[in-house]
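Here the structure is a predicted model, which is why all the values come from computation and not from measurement. The basis for the numbers below is simple: all heavy atoms, side chains too, and nothing from hydrogens, waters or symmetry mates. Here is the naming used below: chain letters follow the sequence lines, and residue numbers restart at 1 for every chain.
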2 protein chains.
Amino acid sequence: MARIKTREIERETTVEKIEKILTGAMQEFLAHGYAGTSMDRVAARAGVSKATVYSHFHDKERLFKALIQQSAHKKFEDLFDKLPLEGEPEVVLRHLITTALHRMISDKEHQAFVRILIGESGRFPELAKAWIHDIMTPPLKIICEYLNKHPELNIPDAEATVRMMIGSMVHFMMTQEILHGKEIFPMETDRMVECLMYHILKD
Amino acid sequence: MARIKTREIERETTVEKIEKILTGAMQEFLAHGYAGTSMDRVAARAGVSKATVYSHFHDKERLFKALIQQSAHKKFEDLFDKLPLEGEPEVVLRHLITTALHRMISDKEHQAFVRILIGESGRFPELAKAWIHDIMTPPLKIICEYLNKHPELNIPDAEATVRMMIGSMVHFMMTQEILHGKEIFPMETDRMVECLMYHILKD
DNA sequence: GTCTATATCCAGATAGAC
DNA sequence: GTCTATCTGGATATAGAC
């Protein structure tokens, strides 16, 4: 689009290089953490020189922050996708919980992201806060509203209940996948779904 | 005890040095993560030379593993202390949840430990698995048994319910404290306690 | 904008005196 | 057992040619 009628065919454009740096750096950071990632390997994986990396992203810290914030938006967004949230609670909640939990369990990249977000939350508190504010809170509030629109559910504190619901799911994913618990103390995902349905709907 | 009737008064013993290395290294690892910690600073903080550190702990990796496994045992052990678990569920569960949650929230060192355990769970899967097996599973099973001994609670899947309970608490601590959520989206701890009581006891 | 080459520093780990 | 001094590699970051 931006490069019409030029005779060069195999030379990469600048934006293509930036693209490759971003994706390559993300893979490195997700695999080795912030301190464990070297700018040499980032450049090598992107197929550019180290100086090129530095010319686009002033230093390692800024590259890391740019990446995490960019990546965060793509994560939970499609974890709770669209969130229809119309209809019978029995149907809507079961669909919501089932979908979100199964996606969390199978999305290795999301797990690596959570790992690094928590691991670096001491050194980069702004990133952690941005994640809470931009990614976790919106779905939480939407589900909260839904519960409050259904008084027949008899939920005294919807916000706390949603935190319980999300917390159960995230913690299940963390123990089973991130901390490798499924290898020594496994549990079928659907048992967790039924458990949440039972305790939230109260028969 | 081991050093009776000797005239030296200010010279440190070997075990004292090892003690200082262990505590100093733990602080460094908790503060900066595995890759972010240097053996120079570990030695400096312990007040010994780097060579002394290496003579007692063969390399950085073994020092780290020794520390995490040693430290893990002191953590959850007193988080769910003793676990009396005798008496009315209303009383026992409320006491259990209240105590555990408030301790998690106020124990900064435990939070730093969880941060590093998760952050390094990719590089050190054995440590994560050891934590699941030695620290998380025992209390889970004890609470599980307790719930199963009280059929009047009508809990179809006690193990899943306990995972929900622990998951809600750990995730609450993670979002509020580790990810700094209390600064932008706070919630009173006791609301979480009441919420769990409500959904587990079902009125 | 992009490269090669390099400056500078600090990391993990060890040799050898005491 | 403990130290000082040092080896060696790799880290972040930049200078300067093209």
Rounded interatomic separation in angstrom, taking [atom1] from [X] and [atom2] from [N]:
| X | N | atom1 | atom2 | value |
| --- | --- | --- | --- | --- |
| Asp59(B) | dT14(C) | CG | P | 8 Å |
| His58(B) | dG12(C) | NE2 | P | 15 Å |
| Lys17(A) | dG1(C) | NZ | P | 11 Å |
| Ile18(A) | dG1(C) | CD1 | C1' | 10 Å |
| Arg62(A) | dT12(D) | CZ | P | 16 Å |
| Phe57(A) | dA13(D) | CZ | P | 14 Å |

Worksheet item: Is the phosphate of dT2(D), meaning OP1 or OP2, less than 4.0 Å from a side-chain N or O of His56(B)?
Response: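 Checking dT2(D) against His56(B), a side-chain N or O does come within under 4.0 Å of OP1 or OP2.
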
Worksheet item: Any Lys/Arg nitrogen of Arg163(B) or Glu159(B) sitting under 4.0 Å from an Asp/Glu carboxylate oxygen of the other?
Response: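 Salt bridge: yes.
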
Worksheet entry | salt bridge (Lys or Arg N to Asp or Glu O under 4.0 Å) evaluation trace for Lys65(B) with Glu61(B) | CA-CA 6 Å; Lys65(B) 289 181 182 173; Glu61(B) 198 169 312; 3.4 Å; yes

Worksheet entry | Thr189(B) and His102(B): side chain donor to acceptor below 3.5 Å |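 There is no such pair (donor and acceptor under 3.5 Å, judged by atom type) between the side chains of Thr189(B) and His102(B).
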
Worksheet item: Any side-chain donor-acceptor pair under 3.5 Å between Ser49(A) and Thr52(A)?
Response: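 On atom types as modelled, these side chains qualify, holding a pair under 3.5 Å.
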
Item to complete: For residues Glu90(B) and Met197(B), report the shortest heavy-atom separation together with the two atoms involved.
Response: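 In terms of heavy atoms, the two residues are closest at O-CE, 3.5 Å.
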
Item to complete: Indicate, with yes or no, if the rings of Tyr146(B) and His150(B) have centres closer together than 6.0 Å.
Response: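 Yes, they do, as the ring centres are separated by less than 6.0 Å.
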
Worksheet entry | Nearest to side-chain heavy atoms of Tyr54(A), which nucleotide of dT14(D), dT2(D), dG12(C) |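 Given the options dT14(D), dT2(D), dG12(C), the side chain of Tyr54(A) is closest to dT14(D).
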
Worksheet item: Is it the case that Lys60(A) places NZ or CZ above or below the six-membered ring of Tyr54(A), under 6.0 angstrom from the centre and within 45 degrees of the axis?
Response: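 Geometry flag: not set, cation outside 6.0 Å or 45°.
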
Practice prompt. Under 4.0 Å from any atom of DNA chain C, heavy atoms only: list the residues of residues 19-40 of chain B that qualify, in numerical order.
Written response: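 Residues of residues 19-40 of chain B that come under 4.0 Å of DNA chain C are, in numerical order, Thr37(B), Ser38(B), Met39(B), Asp40(B).
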
Worksheet item: Hey, can you pull the residues of residues 42-53 of chain A with a non-hydrogen atom under 4.0 angstrom from DNA chain C?
Response: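 Heavy-atom cutoff 4.0 Å gives Val48(A), Ser49(A), Ala51(A), Thr52(A).
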
Fill in: His110(A) vs Arg103(A) side-chain heavy atoms within contact, under 4.5 Å
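Counting from C-beta outward, His110(A) and Arg103(A) never come under 4.5 Å.
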
Could you pull out every donor-acceptor pair under 3.5 Å between side chains of residues 118-127 of chain B and any protein atom, sequence neighbours left out?
| unit_1 | atom_1 | unit_2 | atom_2 | d |
| --- | --- | --- | --- | --- |
| Glu120(B) | OE2 | Tyr34(B) | N | 3.2 |
| Ser121(B) | OG | Arg115(A) | NE | 2.8 |
| Ser121(B) | OG | Arg115(A) | NH2 | 3.4 |
| Ser121(B) | OG | Ile178(A) | O | 3.3 |
| Ser121(B) | OG | Ile118(B) | O | 2.7 |

